[in-house]
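Structure record follows, encoded as structure tokens.
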Amino acid sequence: LIKSENDLFDGLKELDRVHMNDEKYHDIWLSLSTKIQDQKPARRRSRRGNTWLSLMAAIVAVLVVGVGIGAYHYQHSRGSSITASGVATLLKAVPQSDMQKFETTLKQFPQIRLPQTLPFTVTGVSATVMSPDSSAKTKQIQIYFINTSTKDVLQESVLTHTATVGDANKIITLKNGTKAYYSANQYSRTLSWNENGYYYVITSSGGSSGGKLLDESTLENLANGMQ
Amino acid sequence: MSDQMSPQEAIASLYSLYAHDVFRYARFSLGNDSDAYDVVQETFFKAFQSWQTFRGDAHAKTWLMKIARNHIYDFYRKQGNKRKYESTLALPDVEDLGVNADDLLALSDALAHLPDNYRQVIVLRYVHRLSIQECSEVLAWSSAKVSTTAHRAVNKLRDILSIDEKGGSGFDQIRK
């Protein structure tokens, strides 16, 4: 059964069909969140004599915070699909000037899906639109998520039509049933697939500049979580 | 991921990316779902508690696997000889696999009869495909020890399977 290491890889790959039960996955997260909340220091109770004063202060604070949050969202999310989505948390360390350019570019392509989480803090983003053929009907959108300190990079390249995937080391089925093609070399790891008329390629290429290369399962999880 | 994210946000991100990987590591190592789920919860809770000590230069996945390994070792210690490894690992849909189900059952059984340290290195190296350096970080072993143990583990698996193929007595011999 195991004549070479490859046989072992293949056998274990088949055995590795252990997946977390989705319900259990959420249960654990709920329980974990509760435990995490319990770790926060408890608030001091106000003395009875100050109850009304505390209540008034709380109402004022809620109003001030509410107005602040409302103003912030009005200012930042007008017509934007970025700040309204989960990716906002991912990009919160990105300078506002970079964010504005990024959002302006991506507003033209509201269908494009973006990762909601990455295993590094994103401190810089860019999105560039190119026309790879002379007809200019096809667009290629080149998106970078980077950490300028650690040199981690995730590149997302999207073509506005489907394409044939070239060489792949492995075919992976995403949660929605889409076939994705994984390939890897010394400097980069890539996952590509066609979805809703677009061709997506996500590439981890930080290795050549000193950042970390994301592995196959991380790329698969990123693809599954894109929105 | 660093101080720009709150620990809660960071752990939520890591959970969505790596909870399944931690589960697979624990499931292969411990042999049952229930203990593996406990390891997942404890690993991410510990990660939250020690978030401030996480150095960005370590890969988040390796860091989590290292925490998971400590919890797995705790299980080994607590349960000692009472521990039961379920050898029917992940074979519910074996008929759909298009491969020889007997071979998979044999491999699953063989894994169940490996010593814990051999199984650990097999899981990290051949299931998670970590490099020798990454395995060394997770297991807190030297690279040489990882290479040697991986080599011996593969040979042991091969022995178990070939003995079993010949006379069906491989597992009895291992037990002795």
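Just so you know, these numbers use all the heavy atoms, side chains as well, and skip hydrogens, waters and symmetry mates. What you are looking at is a predicted structure, and each value in this text was computed from that prediction instead of being measured. Each chain gets a letter, A, B and so on, in the order the sequences are listed, and its residues count up from 1.
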Task: B:F44, B:Y15, B:F23, B:Y37 screened by ring-ring contact (aromatic ring centres under 6.0 Å, His included) with A:Y25, the one that passes - done: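 Looking at B:F44, B:Y15, B:F23, B:Y37, the match for A:Y25 under the ring-ring contact (aromatic ring centres under 6.0 Å, His included) is B:Y15.
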
Open item on the list: Quick one, B:S16 and A:Q116 - any side-chain contact, counting heavy atoms below 4.5 Å?
Closed with: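 Side-chain contact under 4.5 Å: no.
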
Task: Where B:Y18 and A:N221 come nearest, the two heavy atoms and their spacing - done: N-ND2, 4.5 Å

TODO: Grab the two heavy atoms, one from A:L118 and one from B:L17, that are nearest each other, plus how far apart they are.
DONE: C-CD1, 3.8 Å

TODO: Might you confirm whether atom NZ of A:K170 has over 12 heavy atoms from other residues, nucleotides or ligands at distances under 6.0 Å?
DONE: yes

Open item on the list: A quick test of your reading: do over 12 heavy atoms of other residues, nucleotides or ligands sit less than 6.0 Å from CG of A:N185?
Closed with: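 Counting other residues, nucleotides and ligands, CG of A:N185 exceeds 12 neighbours.
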
Distance in Å, [X] [atom1] paired with [Y] [atom2], rounded so as to fall on 0.5 Å steps:
X     : Y      : atom1 : atom2 : answer
A:D22 : B:H20  : CG    : NE2   : 6.0 Å
B:K61 : A:S217 : NZ    : OG    : 3.0 Å
A:T34 : B:F45  : OG1   : CZ    : 10.5 Å
B:Q49 : A:K35  : CD    : NZ    : 7.5 Å

Task: Residue part contacting chain A, namely of B:A36, when any heavy atom lies under 4.5 Å - done: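 Looking at B:A36, nothing touches chain A.
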
Open item on the list: Using heavy-atom distances under 4.5 Å, tell me whether B:F48 contacts chain A through its side chain, its backbone, both, or neither.
Closed with: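 Interface part for B:F48: side chain.
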
TODO: Go through the steps to decide whether B:Q41 and A:S31 satisfy the test side-chain contact (heavy atoms from CB on, under 4.5 Å), and finish with yes or no.
DONE: CA-CA 8 Å; B:Q41 176 156 335; A:S31 155; 2.9 Å; yes

Task: A:W29 and B:I11: CA distance, side-chain angles, deciding distance, side-chain contact (heavy atoms from CB on, under 4.5 Å) verdict - done: CA-CA 10 Å; A:W29 177 245; B:I11 297 303; 4.2 Å; yes

- [ ] Kindly indicate, with the supporting measurements, whether the criterion side-chain contact (heavy atoms from CB on, under 4.5 Å) is fulfilled by A:F120 and B:S13.
- [x] CA-CA 10 Å; A:F120 58 86; B:S13 274; over 6 Å; no

TODO: Using a strict cut-off of less than 4.0 Å between a Lys/Arg side-chain nitrogen and an Asp/Glu carboxylate oxygen, indicate whether B:R129 and A:D215 qualify as a salt bridge.
DONE: no

